[in-house]
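Following: one structure in structure tokens, then a few remarks.
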Amino acid sequence: MLPSNAKLPKDHYEAKKIVRDLGLGYEKIHACPNDCMLFWKQNVNLEACPCCKASRWKTNEASVASKHASSNKGKKKAAKILRWFPLKRRLQRLFLEPDLASSMKWHVNGRTDDGVMRHPAESGAWKMFDSKHLQFSSDPRNVRLGLAADGFNPFGIMSTSHSTWPVMLVPYNLPPWLCMKRSSMILSLVIPGPTSPGIAIDVYLEPLLEELRELWDVGVQAYDASSKEVFQLRAALMGTINDFPAYADLSGWSTKGELACPSCAVETDSLYLINGHKFCYMGHRRWLDVDHHFQKESLLFDGSIDTRLAPEPPVASEIMCGTEHLLGRCLGRKCQLAYNKRKRREEDPIGWRKRSIFFTLPYWEDHKLRHNLDVMHIEKNVMDNILSTLLNVKDQTKDNYKARLDLAEMGIRSELHLQRKGDDKYIIPAACFHMTLSERDGFLQVLKDIAVPDGYASNISRRVNMKERKISGLKSHDNHILMQQLFPIALRGSLPSHVTRPLIKLACFFREVCSKTLTVSNIVTLEADIAVTLCELEKIFPPSFFTVMVHLVIHLAAEAKIGGPVHYRWMYPIER
Ligand SMILES: [Zn+2]
Ligand SMILES: [Zn+2]
């Protein structure tokens, strides 16, 4: 396989020695088992966490250890170890190879400026950052990074709940054909399990953030192999890539409960469904044009007239103000539990749980889009909601008897309320969005018959169960293909047109917003269209259909306008 003159290291030890010389090793930092702090810098010699008093060492065999004290001496194992892969040398290395070094300047030298967005460098957020920090943007070699974090289970089926959190960096300087590739990603931290760090991820990000602050303030000397000169390399973090739960952990805004939407923040329009025991998120009429006729059609919506204006996402000064009282509080699990118990008694509804550590970066306040909503998971969840509701899949449909009880509670859509039949029997009247049996068969048969090219999607026809009339086991990417290509086709010929029209429009919206090239004028149209589409869906589906994921669709176009094409900001490459 390899040429005969290839020099391979003789053994693992020698291989490690070579990598060490390249400066690509990692450092181990011990952490408090409850995520309060790192045994690092001034705390490096402590034996126990000063906050929760937990020992730095594994103590579960304490009684055994005392028996065999002599044999265990000097073999103490740390309770939790963070692996930190220092960034500076990894950034310097990007410029040591001439081709790669010139690729790192692509975002200035290689682009065509024709008003079409193909790369984050063409987005409004990037341009605004450039104009604010002229000294930084004057050298194209300065590195722009995206930070991605996600939990995964390295033990597969061996342990169902273990969650290890790698933190990766994406160099956005690179051209589109290199940027999101696996080979370009820089592993920065491995945060150990067994549970996800939650908001205490800040504790683990500290070594990386300290490097980033230094890389912004002074930078590091590097050699550019393409122009053969030494220069001062600086770096800036442009934003984070995360799924919705990780959004809460990184930003500090709680994405659960009453104020789940981080973009609407305190103006999140939510309603607690008494029978469904959950929140629904509607109020999409706020994004319509002023004086749109939907605003006054109270009974077709949630029973109210809605002439409010669309909320603006919180700006940095509001965030700083809202998180002022949270500064200095321990983020460790035990301390947070104690705090949350106290808070529940005081019933404090404000959604901030911490001030994100990213605000220690001097430029973080200037960013327009700090955390990205992940289109991948939103698309998957919306598609799941639609399929299970249209096919009326038992236990999964959003339109169950509880939803009908809630409709009665809200006093809307009386034709869908439960109808009493006999003493303790009720029937659920059919809704306009329920497919008939033959329509379901037709819909599923289309999907059953579809064959796609190899590598385009998984074999979706295998996921279709004609007997039970349902689709199960779809992966995120299957949902992506379904939503963008197959669903609108399969839908033809079933359901009344006032139901299929907004659904097909929704599918088109996802196709447009995920497109590899975007223009601002196009997105503005998309933004206006999706508001109407979501309002039309509000008139069709029951409130329980509108989970927070369905609501987030309204923000996707706005984020694409600021942040550029979504495939630089979604989870697909990260999860792969
Ligand atoms: Zn602790
Ligand atoms: Zn929102």
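Predicted model only: the values in this text are computed from it and were never measured. All ligand and atom numbering here is 1-based and tracks the order in the structure.
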Any N/O/S atom of [X] sitting less than 2.8 Å from the Zn ion (ligand 1), backbone or side chain?
X	value
Cys335	no
Cys51	no
Cys49	yes

Practice item. Applying salt bridge (charged side-chain N to carboxylate O under 4.0 Å, His left out), name anything that partners Glu409, two or more places apart in sequence or on another chain. Key: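 Glu409: no salt bridge (charged side-chain N to carboxylate O under 4.0 Å, His left out) contacts found.
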Review point. For Asp302 and Ser304, does a side-chain donor sit closer than 3.5 Å to a side-chain acceptor?
Key: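 Asp302 vs Ser304: donor-acceptor pair found between side chains.
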Practice item. Please determine, by modelled atom types, if Glu527 and Trp287 share a side-chain donor-acceptor pair under 3.5 angstrom. Key: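 No, Trp287 and Glu527 have no side-chain donor paired with an acceptor closer than 3.5 Å.
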Exercise for review: With the side chain counted from C-beta on, respond yes when Cys432 and His498 share a heavy-atom pair under 4.5 Å apart, and no when they do not.
Suggested key: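 Sidechains of His498 and Cys432: in contact.
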Point to revise | Lys278 atom NZ, over 12 foreign heavy atoms within 6.0 Å | key: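 More than 12 heavy atoms, drawn from other residues, nucleotides or ligands, come within 6.0 Å of this atom.
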Check the orientation of [X] and [Y]. Use parallel for under 30°, tilted for 30 to 60°, and perpendicular for over 60°.
X	Y	result
Trp364	His367	perpendicular
Trp570	His480	perpendicular
His551	Tyr281	tilted

Review point. Counting no waters, what protein N/O/S atoms lie under 2.8 Å from the Zn ion (ligand 2)?
Key: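 Result, waters dropped: Cys261 SG, Cys264 SG, His551 NE2, His555 NE2.
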Practice item. State, to the nearest 10 degrees, the angle whose vertex is the Zn ion (ligand 1) and whose arms point to SG of Cys52 and SG of Cys32. Key: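 Answer comes to 100°, rounded to 10°.
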